[in-house]
Protein chains: 2
Amino acid sequence: MMDTMSNGGAGDMGVALLSRPALAVQVADALRELIMEGAIKSGEKIREKELTERFGVSRTPIREAMKILASEGLIELIPNRGAIISERSEEELADAFPVLAALEALAGEQAARRATDAELAEIVRLTVELRASLERQDRPHYFEINQAIHKAILVASRNETLMRSHATIAGLVHRARYQANLTRSRWEQALAEHERIAEALSARRADEVAALLKTHMMGKLAAILPGRGGPAD
Amino acid sequence: MMDTMSNGGAGDMGVALLSRPALAVQVADALRELIMEGAIKSGEKIREKELTERFGVSRTPIREAMKILASEGLIELIPNRGAIISERSEEELADAFPVLAALEALAGEQAARRATDAELAEIVRLTVELRASLERQDRPHYFEINQAIHKAILVASRNETLMRSHATIAGLVHRARYQANLTRSRWEQALAEHERIAEALSARRADEVAALLKTHMMGKLAAILPGRGGPAD
DNA sequence: GAATTGAATTATGAATTCATTATTCATGTC
DNA sequence: GACATGAATAATGAATTCATAATTCAATTC
């Protein structure tokens, strides 16, 4: 027992001696990871006992972790009947994406005003790398760099509250959905949008960055749910 | 014991026979209420034992509730040292408001497209009432109607995810701050903005509603934190 | 043979207990 | 008299135990 997450001695990991996060938080992070990576399928029932065995801790921190994830909307808690991974209906996806788009637009707007020159240069560099990965047809790498760019914009916005909100919504729209439905033409279009975003960011044209990011995100939705993501929705 | 929140017999309240929310959720709601109403001051330390006595339940549901509130950012959990009500620094307020503005702008945009005619009529009616309360110099009533309008727009957006995100951020920027710093001229200006919003909504001019709401919210920030809320950030 | 009822099992909800970490206060030393 | 060290106290973190609700399965009846 106590295999996966030792909370015992002080010199366990060599790092994090000062104020280790509570077990419940560690469990929540681990579970979130599992859910977002799709290791636990949507609609699946979560039994506390299984998690107890998987993580090697008692039910108490597990239950606390479930409360956290439930408040984020990642799982659904049914009284006396345990938790299930929330199914994301098409409707919920169609709801979540505009919110994500609005948050990213704001991130871009604030990043255009607040980012350091070095941060902007890094985003430009990543965008160049993005084109390279498209030309190599390297989807996993494209995907990775794409994530990094969006993350960099968030960070450059210097808005902690914004980052938290974004992380929550992004968690709902988990990434499995992203990679699918990426046709070559959509791929090219997305890259062109990214290049315009990088350019507008470099010129610190805040409003334009915001508009471009919003369009970009809604384009993603349209690629995922054809017929629902149009700008007129 | 078991005074405030009885979870015992089935016929206790007559209502809610089917799947009563777990105690932890009830505690979380009650605590959230207390914090948002300012009954517990910012920066104050929360002792689990006090809450145990106040609510008449054991520490377990209390601790689960605290995890929920912490994940919402309402309180801060320090390992082995309990929780404190998060102080909102001016910086955090200045961060949170643009997020709130972006979310309300999206709500307005979607409401303009999705609201029923009846919902739009109700928002117009509330706006008329808003003017009446200004003319009566009835601040509490103005404040109440104001809240109702923003809520109505959120509901009319028909976006559950958006409503949840908004509620979380709105919780951070709790209402005590609102009522202060409302000069007569700012009051008049805010009302004028509300009337333009109602008009644009009625005409279903989505983009205009979004822009107006964003400006309106940033104006609120400027009234609260002079010198930080300008459109140029 | 199908359906319904009730007992047994299993899982969750909450309380209690145990362990560990902070904090506080007193004592001793410089 | 001030600071440091250590013991006592109190609070949190997690495990265990107890209670209650739901599910399952078998037996009985129609």
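This is a predicted model, so every value here is computed, not measured. Every chain is numbered from 1 and lettered A, B, ... according to where its sequence line falls, protein lines coming before strand lines.
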Heavy-atom pair of closest approach, residues B:A28 and B:A65
N-CB, 3.6 Å

For residues 72-85 of chain B, pull every pair meeting side-chain hydrogen bond (donor to acceptor under 3.5 Å, both in side chains), keeping only residues two or more places apart or in separate chains.
B:R32-B:E72

Measure the distance from CD on A:E53 to C1' on C:dA11 and round it to the nearest whole Å.
13 Å

Within this structure, what is the CD-to-P distance between A:E64 and C:dT12, rounded to whole angstrom?
16 Å

Does a nitrogen or oxygen in the side chain of A:S58 sit under 4.0 Å from OP1 or OP2 of D:dA15?
yes

Please determine if B:E109 and A:K214 form a salt bridge, counting it only when a charged side-chain N lies under 4.0 Å from a carboxylate O.
yes

Using atom NZ of A:K67 as one end and atom P of C:dT12 as the other, report the distance to the nearest whole Å.
11 Å

Taking only residues two or more places apart in sequence, or in another chain, which ones meet B:E44 in a salt bridge (charged side-chain N to carboxylate O under 4.0 Å, His left out)?
none

Nearest-Å distance for atom pair CZ/C1', residues A:F55 and D:dA14:
16 Å

Partners of B:R125 by salt bridge (charged side-chain N to carboxylate O under 4.0 Å, His left out), sequence neighbours excluded?
B:E122, B:E129

Give a yes or no on whether a salt bridge exists between A:E50 and A:R47, defined as a side-chain N under 4.0 angstrom from a carboxylate O.
yes

For A:I62 and C:dA14, give me the distance from atom CD1 to atom P, rounded to whole Å.
17 Å

Could you write out each protein N or O paired with an N or O of nucleotides 8-12 of chain D at a distance under 3.5 Å?
from   : atom 1 : to    : atom 2 : distance (Å)
D:dT12 : OP1    : B:E48 : N      : 3.4

Run through DNA chain C and report every stem of 3 or more consecutive Watson-Crick or G-U pairs, distances under 3.5 Å, ordered by first number.
C:1-30 with D:1-30

SB check B:R63 A:E64 (cutoff 4.0 Å):
yes

What's the CD-P distance between B:Q26 and C:dG13, to the nearest Å?
13 Å

Tell me, which pairs form a salt bridge (Lys or Arg N to Asp or Glu O under 4.0 Å) where one or both residues lie in residues 158-167 of chain A, sequence neighbours left out?
A:E119-A:R158

